[in-house]
Enquirer: 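Structure incoming, see below.
Count residues from 1 along the sequence. Ligands are counted one by one from 1 in listed order, and the atoms in each one are counted from 1 as well. In this text the structure is predicted, and so the values were computed from the model without any measurement.
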Amino acid sequence: MSTIEVSDLHKSFGDLEVLRGIDFRVEPTEVVCVIGPSGSGKSTLLRCINLLEQPTSGTIRVGDVEVTDPDVDIDAVRRRIGMVFQAFNLFPHLTVLRNLTIAQQRVLRRSKKDADRVARDNLARVGLAEKETSYPAQLSGGQQQRVAIARALSMGPDLMLFDEPTSALDPELVGDVLAVMRKLAGEGMTMLVVTHEMSFAREVADRVVFMDDGVIVEEGDPAQVIGNPRHERTRTFLRRVLDPASADVSETVTKRVEGA
Ligand SMILES: Nc1ncnc2c1ncn2[C@@H]1O[C@H](COP(=O)(O)OP(=O)(O)O)[C@@H](O)[C@H]1O
Ligand SMILES: [Mg+2]
């Protein structure tokens with residue numbers, strides 16, 4: 001049974017249909033990277049999976065739970081899903097350790113002793129064991145994002161959703177976060193990752209999904225989708241991402257010619 005199964009998912013905000021019939025699945029231990037232009041609906045898809053957004057129609061199953069069932073226990077679903085956003089969303093007034101224990105104690109009702117132990121294990125996992133008494137502002141962006149990953153892991157999720165986890169980071173800090181994600185993937189964590197890091201997607205993903213304008217345009221083996229895409233829309237997007245400078249110039253030139 002797959003970990004995530006999305007069938008004919010539609011989502012509208014008022015008159016704007018952002019997801020226009022999405023079908024896809026993620027199998028246990030699979031790493032799926034979602035790529036696509038800004039505004040194509042990637043974040044909305046992730047947010048529908050843990051019900052931060054209410055789908056307009058269609059069904060979503062996570063494990064054996066139908067998320068889109070009106071009677072679903074939303075909190076129970078969310079406890080199984082770790083979510084890491086572009087913005088780290090740590091509590092600035094709490095130490096790193098406390099950031100990792102607060103939800104364990106309040107939501108999972110773990111004792112302080114158990115929560116501390118789980119938090120320390122996960123800080124070690126992301127290479128930040130020595131930072132437990134620091135406050136978020138004392139850490140680099142890359143370290144803060146690794147704390148956010150350790151916080152999500154401390155809840156013992158069945159799967160992890162990442163929404164552009166390295167997009168807010170200075171380039172030299174991206175590698176440490178990707179290394180943590182690569183390690184998690186190697187440990188068999190099921191992961192759905194929205195990212196613009198094509199070399200990560202190529203190396204780590206089992207499958208790459210290209211979304212544009214609310215639909216999945218193509219999906220498949222990373223080397224095929226990224227290296228030899230079937231669709232022109234995918235090729236255009238990859239040119240822009242892989243070589244932004246040249247893409248911008250040729251586009252400007254094309255527009256000028258078209259406008260002339
Ligand atoms: N809460 C919202 N209300 C209205 N429009 C939204 C909302 N969230 C997203 N959108 C719109 O939905 C479209 C897709 O957004 P998003 O899922 O964030 O795309 P992506 O993550 O691929 O950049 C965009 O046009 C965005 O402006
Ligand atoms: Mg987004």
Enquirer: For Arg235, does the CZ atom sit with more than 12 other heavy atoms under 6.0 Å from it, leaving out its own atoms?
Expert: yes
Enquirer: What is the nearest protein non-hydrogen atom to atom 22 (O) of ligand 1, stated with its residue, atom name and distance?
Expert: Lys42 NZ, 2.8 Å
Enquirer: Between Arg20 and Asp213, is there a side-chain N and carboxylate O pair less than 4.0 Å apart?
Expert: yes
Enquirer: Name the residue from Arg182, Lys183, Arg146 that meets the salt bridge (Lys or Arg N to Asp or Glu O under 4.0 Å) definition with Asp176.
Expert: Arg146
Enquirer: Check each atom of ligand 1 against the heavy atoms of Pro37 and keep those under 4.0 Å away; list them by number with element.
Expert: 22 (O)
Enquirer: Would you mind telling me if ligand 1 is within reach of the side chain of Thr44, the backbone, both or neither, using heavy atoms under 4.0 Å?
Expert: both
Enquirer: Using heavy atoms and a 4.0 Å limit, tell me yes or no: is Ser38 in contact with ligand 1?
Expert: yes
Enquirer: Where is the tightest heavy-atom contact between Pro37 and Met211, given as atom of each residue plus distance?
Expert: CD-O, 3.3 Å
Enquirer: Identify, for atom 23 (O) of ligand 1, the protein heavy atom at the shortest distance, and state residue, atom and that distance.
Expert: Gly39 N, 2.7 Å
Enquirer: I'd like to check atom 2 (C) of ligand 1 in this structure: does the protein have a heavy atom lying under 4.0 Å from it?
Expert: yes
Enquirer: For atom 18 (O) of ligand 1, what's the nearest protein heavy-atom neighbour? Residue, atom name and distance, please.
Expert: Ser43 CB, 3.6 Å
Enquirer: Do Glu17 and Ser12 come close enough that some side-chain heavy atom pair is under 4.5 Å?
Expert: yes
Enquirer: For ligand 1, is there an N or O atom under 3.5 Å from any N or O atom of Gly41?
Expert: yes
Enquirer: Any heavy-atom pair between the side chains of Met198 and Arg202 that's under 4.5 Å?
Expert: no
Enquirer: In Å and rounded to the nearest 0.5 Å, what is the OG1 to CG distance from Thr44 to Leu52?
Expert: 11.0 Å
Enquirer: Return the closest protein heavy atom for atom 27 (O) of ligand 1 as residue, atom name and distance.
Expert: Leu16 CD2, 4.8 Å
Enquirer: Students should be able to answer this: which protein heavy-atom is nearest to atom 6 (C) of ligand 1, and at what distance?
Expert: Phe13 CD1, 3.3 Å
Enquirer: With the side chain counted from C-beta on, respond yes when Phe237 and Ile35 share a heavy-atom pair under 4.5 Å apart, and no when they do not.
Expert: yes
Enquirer: Quick check on the Mg ion (ligand 2): does Gln86 put an N/O/S atom closer than 2.8 Å to it?
Expert: no
Enquirer: What is the closest protein heavy atom to atom 12 (O) of ligand 1, and at what distance does it sit?
Expert: Val18 CG2, 3.0 Å
